[in-house]
Amino acid sequence: MRASHNPGGKIYSWELSGLLIDRVSAGDKAVVHTERGVKAVTVAAVEEYAGNEPEPLRMVIRIKRKGGVTA
């Protein structure tokens, strides 16, 4: 998953757990682990994890859905 902390901001990558793969789409809000703790981000794109990143990706904790339902 690729997402940013702020609209129009730098895009970062996180790994989705198997339970979230087909439940996330662009525009969703996600709660993720970062180097500075747990943060909320906005999903820009959901992509296949290629596995060729220089460092392992951090995991998405959960997805905030519109209407208050959390996945």
Side-chain angles (χ1 to χ4, degrees):
M1 172 187 90
R2 302 197 32 92
S4 66
H5 296 282
N6 300 310
K10 184 175 177 182
I11 302 292
Y12 297 92
S13 296
W14 284 273
E15 185 175 354
L16 290 168
S17 68
L19 297 173
L20 296 176
I21 289 176
D22 293 327
R23 301 175 72 185
V24 179
S25 58
D28 287 346
K29 301 285 185 186
V31 178
V32 298
H33 284 287
T34 70
E35 290 181 2
R36 297 184 180 199
V38 175
K39 304 284 183 178
V41 297
T42 302
V43 177
V46 179
E47 301 172 343
E48 182 86 20
Y49 176 57
N52 60 356
E53 285 74 12
E55 297 180 12
L57 297 177
R58 294 180 184 265
M59 294 296 292
V60 173
I61 299 171
R62 63 187 169 98
I63 300 298
K64 293 178 162 182
R65 294 284 185 185
K66 296 171 186 88
V69 178
T70 303

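All values below come from the heavy atoms of this structure, side chains included, with hydrogens, waters and symmetry mates left out. Given the structure is predicted, the values throughout are model-derived calculations rather than measurements.
You'll find the side chain of Val24 reaches within 4.5 Å of the side chain of Val43, heavy atoms only. Counting only heavy atoms from C-beta outward, the side chains of Val31 and Val60 never approach each other to under 4.5 Å. Contact annotation: the side chain of Leu57 never approaches that of Met1 to less than 4.5 Å [non-hydrogen atoms, C-beta and beyond]. Residues Arg58 and Tyr12 have side chains not in contact (no heavy-atom distance under 4.5 Å, counting atoms from C-beta outward).
Tracing side-chain contacts under 4.5 Å through hydrophobic residues (I, L, V, M, F, W, Y), one reaches Val46 starting from Ile21; they form part of the same cluster.
The salt bridge (Lys or Arg N to Asp or Glu O under 4.0 Å) pairs that include a residue from residues 7-18 number zero, where partners must be two or more places apart or lie in different chains.
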Side-chain donor-acceptor pairs under 3.5 Å in residues 33-42, sequence neighbours left out?
unit_1: Thr34; atom_1: OG1; unit_2: Arg36; atom_2: N; d: 3.1
unit_1: Thr34; atom_1: OG1; unit_2: Gly37; atom_2: N; d: 3.3
unit_1: Thr34; atom_1: OG1; unit_2: Gly37; atom_2: O; d: 2.7
unit_1: Thr42; atom_1: OG1; unit_2: Lys29; atom_2: NZ; d: 2.9

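With sequence neighbours left out, Arg2 forms a side chain to side chain donor-acceptor pair (under 3.5 Å) with Ser13.
Rounded to the nearest 0.5 angstrom, Ile63 CD1 and Ser17 OG are separated by 8.5 Å. Distance check: Arg62 CZ to Leu20 CG gives 11.0 Å after rounding to the nearest 0.5 Å.
Smallest separation of non-hydrogen atoms from Ser4 and Gly9: CB-O, 3.9 Å. Looking at every heavy atom in both residues, Ala26 comes nearest to Ala44 through CB-O, 3.5 Å.
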